Amino acid sequence: MRSWLFVPGDSSRKLEKSLSSGADALILDLEDSVAPSAKQAARDTTAAFLREARGVSGRPKLYVRVNDLTTGLVTQDLDAVMEAGPDGLVLPKAIGGADVSHLAALVAVREAEFSLDDGATRIMAIGTETARSIFALGEFRGASHRLAGIAWGGEDLSADLGAETNRDERGVFTDPYRLARTLTLMGAASAEVDAIDTVYTSFRDLSGLAKECREARRDGFVAKMAIHPDQVAVINETFAPSPEEIAKARAIIDAFEKAPDSGVVAIDGQMVDVPHLKRAQRLLRRL
Ligand code: COA
Ligand code: MG
């Protein structure tokens with residue numbers, strides 16, 4: 001999945017629009033984009049939307065962002081939405097694998113209660129929203145077979161750090177956020193799940209978004225979160241492997257299949273060894 005679009009869970013209008021946005025996944029939000037006074041209405045609106053949207057053919061994956069585990073709101077969130085069988089949940093302010101395991105246990109009970117397939121509900125964790133969570137980024141491995149990916153975010157982290165801003169005068173993330181970004185890549189690779197890049201909040205600036213997508217992809221992210229439907233096409237285009245890349249990956253795999261006893265082969269005058277093979281296999285798995 002290349003694009004994950006946030007949709008405030010209390011906005012019927014945006015929920016309706018999001019279905020035709022072209023996003024690979026929607027994040028129906030019960031957390032930060034919903035005011036405390038609107039939480040129950042958002043749960044009801046989101047559950048109704050899920051029941052309706054599930055049957056739509058060619059629909060995006062439907063994830064619900066619940067509130068964080070320290071709020072005491074997660075039980076009510078799950079009671080409202082799990083019966084409608086979302087494809088997954090997004091866990092904000094996750095502190096490593098322990099929080100993922102905790103949510104997984106709560107989810108397993110509801111899957112049994114609502115006769116859903118055991119393990120069907122995936123979890124995507126946002127793993128960098130507090131200073132504490134940064135130190136737990138290496139602890140996602142083996143937390144739960146439900147874990148689909150780890151995303152990073154710089155907005156809540158800057159609030160936790162008491163920073164004045166998270167980007168410098170050129171618009172580039174400053175060191176604390178670059179560290180969070182890098183550790184997310186490492187944490188996701190070590191847990192063998194997708195690394196998902198943060199939102200680009202200047203939603204009218206599509207060329208700035210495209211640049212950030214290219215940099216993310218270059219470094220190993222396979223997807224980016226979006227806040228506005230206009231961002232989806234740029235994200236999908238950048239993260240989709242090009243026909244040339246697919247052809248090159250197939251050529252590498254073919255070359256190794258023809259030489260099963262070799263650790264290294266030559267293609268078009270270039271040395272190709274096992275790391276290249278792994279990269280090629282990984283790229284084809286994304287198709
Ligand atoms: N999902 C679905 N539809 C959306 C949308 C979203 N995230 N953001 C905007 N739209 C819709 C609008 O409703 C509008 O449709 P309409 O003209 O039929 O009403 C259309 O797209 C164009 O929107 P636009 O006027 O350009 O933006 P806006 O001022 O209405 O909204 C935001 C701007 C930032 C408030 C809005 O994009 C938003 O709510 N984003 C999600 C925020 C969020 O969830 N944050 C939490 C994670 S960081
Ligand atoms: Mg937040």
Side-chain angles (χ1 to χ4, degrees), residues 2-36 38-39 41-43 45-46 48-50 52-53 56 59-71 73-74 77 81 86 88-95 99 103 124-134 149-163 165-167 173 176-177 180-181 184 196-206 208-209 212 216 223-236:
R2 305 156 297 176
S3 50
W4 296 70
L5 175 64
F6 274 107
V7 192
D10 60 347
S11 170
S12 301
R13 189 174 183 95
K14 287 177 188 165
L15 288 166
E16 202 56 50
K17 287 210 89 137
S18 67
L19 261 187
S20 55
S21 64
D24 292 332
L26 301 178
I27 305 176
L28 314 175
D29 190 21
L30 301 179
E31 201 222 7
D32 281 352
S33 70
V34 176
K39 293 287 184 195
R43 290 182 190 115
T45 304
T46 298
F49 174 75
L50 274 171
E52 200 184 288
V56 173
R59 64 167 174 79
K61 295 280 186 209
L62 302 168
Y63 278 61
V64 176
R65 179 163 75 167
V66 294
N67 288 280
D68 82 69
L69 289 167
T70 64
T71 58
L73 297 174
V74 175
D77 294 344
V81 300
L89 300 170
V90 172
L91 180 62
K93 303 178 179 73
I95 302 180
D99 275 1
L103 181 63
M124 191 269 260
I126 308 185
T128 67
E129 297 193 288
T130 62
R132 256 189 85 198
S133 64
I134 300 294
I150 306 173
W152 76 281
E155 303 305 321
D156 287 273
L157 180 58
S158 61
D160 195 43
L161 296 177
T165 173
N166 54 24
R167 292 182 186 260
F173 278 112
Y177 312 94
R181 176 183 184 277
T184 299
I196 301 161
D197 198 27
T198 191
V199 295
Y200 189 76
T201 52
S202 306
F203 58 88
R204 306 270 181 236
D205 174 14
L206 296 183
L209 170 69
E212 212 168 87
K224 191 170 178 73
M225 298 185 292
I227 52 162
H228 191 284
D230 287 355
Q231 297 183 313
V232 170
V234 173
I235 295 175
N236 284 350

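Both ligands and their constituent atoms are indexed starting at 1 by order of listing. The structure presented is a predicted model; accordingly, all values stated were derived computationally and were not measured.
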* Quick one: OG1 on Thr130 to CG on Asp160, what's the gap to the nearest 0.5 Å? -> 5.5 Å
* Please report how many protein N/O/S atoms lie under 2.8 Å from the Mg ion (ligand 2). => 2
* To do: Output yes when Asp32 and Lys93 qualify as a salt bridge under the 4.0 Å nitrogen-oxygen rule, no when they do not.
  => yes
* Ignoring hydrogens and angles, state whether a donor on the side chain of Ser3 or Asn236 is under 3.5 Å from an acceptor on the partner side chain. => yes
* Asked: Does Glu155 come within less than 4.0 Å of Arg167, counting only side-chain N to carboxylate O?
  -> no
* For ligand 1, would you mind listing the residues that have at least one heavy atom less than 4.0 Å away, ordered by chain and number? => Leu5, Phe6, Val7, Pro8, Arg13, Lys14, Lys17, Asp29, Ser33, Arg65, Phe203, Arg204, Ile227, His228, Pro229
* Asked: Hey, are the side chains of Val66 and Glu31 touching, using non-hydrogen atoms and a 4.5 Å cut-off?
  -> no
* **Backbone N/O of Ile227 and side chain of Gln231: donor-acceptor pair under 3.5 Å** => yes
* Structure fact -> Residues Ser158 and Asn166: closest non-hydrogen pair is OG-ND2, 3.9 Å
* To do: Identify whether the distance between the nearest side-chain nitrogen and carboxylate oxygen of Asp77 and Arg43 falls below 4.0 Å.
  => yes
* Asked: Just by distance, with hydrogens left out, do Asp197 and Trp152 show a side-chain donor and acceptor under 3.5 Å apart?
  -> yes
